[in-house]
Amino acid sequence: MKFLPLIWKNVWRRKFRTTFTLLSIFVAFLLFGILMTIRAAFSLGVDIAGLDRLILIHKVSLIMPLPHAYLGRLQATPGVQLATHQTWFNGVYQDPANFFANIAVEPEPFLAIYPEFRLPPDQASAWLADRQGAIVGRDLANRFGWRVGDRVPLIGTIWQPKQGQVWDFNIVGIYDADDGVDKTQFFFRYDYLDENRAEGEGLVGWYVVKIADASQAVALSRTFDEMFANSSAETKTTTEKGFIEGFAKQIGDIGAIMIAISSVVLFMFGLVAASTMAQSVRERTSELAVLKTLGFSGTAILLLVLAESFFIVLVGGGLGLATAWLFVQQGDPTGGLLPIFTLPGRDVAIGVGLMAVMALIAGAAPALGAMRLRITDALRRV
Amino acid sequence: VIVRWLAQTAAVIALNLRTIPARLSSSAVAIIGIAGVVVVFVSVLSIAAGFAAAMQGSGSSDRALVMRSGADTEMTSGLDGPDVDVIKQAPGVRRDGADPLASAELYVMLDIPKRSAPDGAANVPMRGIEPAGIAARREVSIVEGRMFEFGTNEVVVGRAASGQFVNMRLGDTIVSGQNRWPVVGIFEADGGVAETEVWADARTLQGAYRRGNTFQSVLVALDTTASYDAFRDWLTANPQVNVAVRRENEYYAAQSVAMTRLIRSIGFGIAALMGIGAVFGAILTMYTAVATRAREIATLRALGFTTSSVLVSVLAESLALGAIGGAIGGGAAYLAFNGYETSTMNFQTFSQVAFAFRVTPELLGMGLFYALLMGLIGGLLPAVRAARLPISSALREL
């Protein structure tokens, strides 16, 4: 503790150099935070996806519809807590550039299966009472300035109404959720869609099944797929997590590219920090020798130099990560392209770990050199 | 006077540049920093360039794509048999003898794993075409095997799809649900998105996907590029059908906009932030360079070299570091990424598009320019300090 002032003085020995080193480490970890956020965004929230929810899609392809009649058979299967279906609507709000997910669901089982969507009870009952009612995520509502009570028209692309092209909805609720959950979706009632569409009556997009015991996921998936084998619509069942992972994988190597870039960035800035540390120790060779003469042990010198490098990296990196976090709190800057925009806690922890590693590597060589310094040589060098 | 100034400056610059190798470790920090930024900048933008090239090189301005009005992609469109008959009779459609060069098509998806992730599944687009669909697309050629026979369940596979997804080589059979699709040929289409597709007979596909006598789009070869307006106006004014008409090339180009913009903004954003860091690195390097040579610089000044020639010489050294870093970074990005083949999801249709990264000369030029800019900014402050160095105290130092 009593050496803190000494470390402090050493750190600020060359104010200019320290400031710039701090700034470059700051930028490195700011970038790290943002890159990890992008990576998480492209993995589509797979971290929070449920393992106790199964998704049944048509075996040939997700775009093929399934008959509504499967619901009863799913619900009657032992081990199933609740089953419901959803249908991709793909409606357009004003302009195709305003893309957001809009999905037809059954309100009651939907809210029961997805407890992560928080909807005030009065809004939930309003949804049950209004056939044209729709609930929207907090982020989506903010994006278009929608409030409860607004009337929102969507142009049908896959499903046309019996007359015209426009479907009208009443916003009856705005759901909220924790970070990492998609709050940009638009859910409306399947019965409204089914009664008013020109064709396709009785077809649904896919089924979501909540099972009582997550360890039964594989067995139940097989049961379902065998149940509908050799029918006109065979199914493929996966866990919700597996389904989202598969979808994210289709985007391709974005995650790998982000990690590769982060590595380049951290290596590059690590090098700056290391060279600065090495230089500042080299400059102080004679001083360190004097300290040794005064009776400082080799270990003490080692710790002094390491403490300096930890100080610089932790302060710069900590501020960088904090700034990245603040930036991410502002929300998705692309206006809806990245619905899940959050800095995962796990990546923050990894970042702190990386700071420690960087400080250790940057400080190790000069610190060891300082520890091994032979007093006589060092004093003579000047 | 100017000549003498130039001669002086050249002499100092030459001295500085010649001594860079002697200060290798401190120069390396700046060079590696700048090279790192350029690698990231060029490689991220090469993704956008490759994706945009694949999408924008698809389709032709003398073909039109007809879909149901309100549908934004083929995936969501639907046309009945009678609609198709009307569309094929529209004015402006090129004819081969009496037959219109117009192909009513289906656009569906197959659930097939990528080679790189054999346990997952990807949405591979599958297109059902009519015989005119081949005649209308002049850029398509079979490069392996043969064209499929209409009336059978044979398919031909685009070159990129054949490379990216499992079980799509010549002689394989694609299994999808209860359907079996034997692959009898591989085709190319000038590198366009069609190369990621699987093509079959539209009639066979209607049966396999239970579509009755419906289609999703009609691809029409126009008499000339200029026939487009007449063709579109006739169809949109016709009360028998409710359709929207687009030029084929514009349809594909529009699908690339959102993705390209997203990748570009990520690329520029990251490069800008990294650039700040690299500039710090360059500044540190140059300050060190100036500090270690304070005595030399002071000596030169004492000998009568002007402050401006000292200033310019420091800038020149820093620019040289930038140029070296830029060249290394651009070269590394080119070697590592140019032509790297991958596939991603087209967010408009949720189907796969294969493309290759493209490190274009423009991107390399931009990378080098950015490297020089970082070098210049990094050298500015140290150069001013070198020029302002008081001669007497600098000579006394050390």
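From a predicted model like this one, the values you see are computed outputs, not experimental measurements. Here is how names work: the chains are called A, B, and so on, in the same order as the sequence lines, proteins then strands, and each is numbered from 1.
- With a 4.5 angstrom heavy-atom cutoff, B:Ile270 touches chain A via backbone and side-chain atoms both.
- Looking at B:Ile32, both its backbone and its side chain come within 4.5 Å of chain A, counting heavy atoms on both sides.
- In this structure, the portion of B:Gln352 lying under 4.5 Å from any heavy atom of chain A is its side chain and not its backbone.
- Only the side chain of B:Thr342 comes within contact range of chain A, with at least one heavy atom under 4.5 Å from a heavy atom of that chain.
- To the nearest 0.5 angstrom, A:Phe42 atom CZ is 4.5 Å from B:Leu262 atom CG.
- Taken to the nearest 0.5 Å, the CG atom of B:Leu273 stands 9.0 Å off from the CZ atom of A:Phe26.
- By number of non-hydrogen pairs under 4.5 angstrom with chain B, the leading residue of A:Ser232, A:Ala28, A:Gly156 is A:Ser232.
- For chain A, the nearby parts of B:Ala122 are the backbone and the side chain; heavy atoms of each come within less than 4.5 Å.
- Of the listed residues A:Gln160, A:Arg17, A:Glu199, the one with more heavy-atom pairs under 4.5 angstrom with chain B than any other is A:Gln160.
- Heavy atoms only, all atoms of each residue included: B:Gly277 and A:Ser24 are closest at O-CB, 4.3 Å.
- By the side-chain hydrogen bond (donor to acceptor under 3.5 Å, both in side chains) test, B:Tyr209 is found to be paired with no residue, residues two or more places apart in sequence or in another chain being considered.
- In this structure, CZ on B:Arg68 lies 8.0 Å from CD on A:Gln165, to the nearest 0.5 angstrom.
- Note on A:Asn230, A:Leu31, A:Leu35, A:Val264: by heavy-atom pairs under 4.5 Å with chain B, the leading option is A:Leu31.
- If you tally non-hydrogen atom pairs under 4.5 Å between each of B:Leu110, B:Val39, B:Ile266 and chain A, the highest count goes to B:Ile266.
- At a 4.5 Å heavy-atom cutoff, the contact between B:Val37 and chain A is made by backbone and side-chain atoms alike.
- If you tally non-hydrogen atom pairs under 4.5 Å between each of A:Thr157, A:Asn90, A:Ile57 and chain B, the highest count goes to A:Thr157.
- In terms of heavy-atom pairs under 4.5 angstrom with chain B, the leader among A:Thr238, A:Ile158, A:Val27 is A:Ile158.
- For B:Arg246, there are no salt bridge (Lys or Arg N to Asp or Glu O under 4.0 Å) partners, not counting sequence neighbours.
- Between the CD1 atom of B:Ile283 and the OG1 atom of A:Thr19 there is a distance of 11.5 Å, given to the nearest 0.5 Å.
- For B:Ile112, no part lies near chain A; criterion is any non-hydrogen pair under 4.5 Å.
- When heavy atoms are compared at a cutoff of 4.5 Å, A:Ser231 approaches chain B solely by way of its backbone atoms N, CA, C and O.
- There is no contact between B:Ala30 and chain A, counting heavy-atom distances below 4.5 Å.
- Of the two parts of B:Met67, neither the backbone nor the side chain holds a non-hydrogen atom closer than 4.5 Å to a non-hydrogen atom of chain A.
- Ranked by heavy-atom pairs under 4.5 Å with chain B, the list A:Lys59, A:His58, A:Glu234, A:Lys236 is led by A:Glu234.
- Proximity of A:Val60 to B:Val108: side-chain heavy atoms (C-beta onward) are nowhere separated by under 4.5 Å.
- Of the listed residues B:Ser69, B:Ala117, B:Ala71, B:Ala254, the one with more heavy-atom pairs under 4.5 angstrom with chain A than any other is B:Ser69.
- At a 4.5 Å heavy-atom cutoff, B:Phe337 makes no contact with chain A through either its backbone or its side chain.
- Of the atoms belonging to B:Asn242, it is side-chain heavy atoms, and not backbone ones, that fall under 4.5 Å from chain A.
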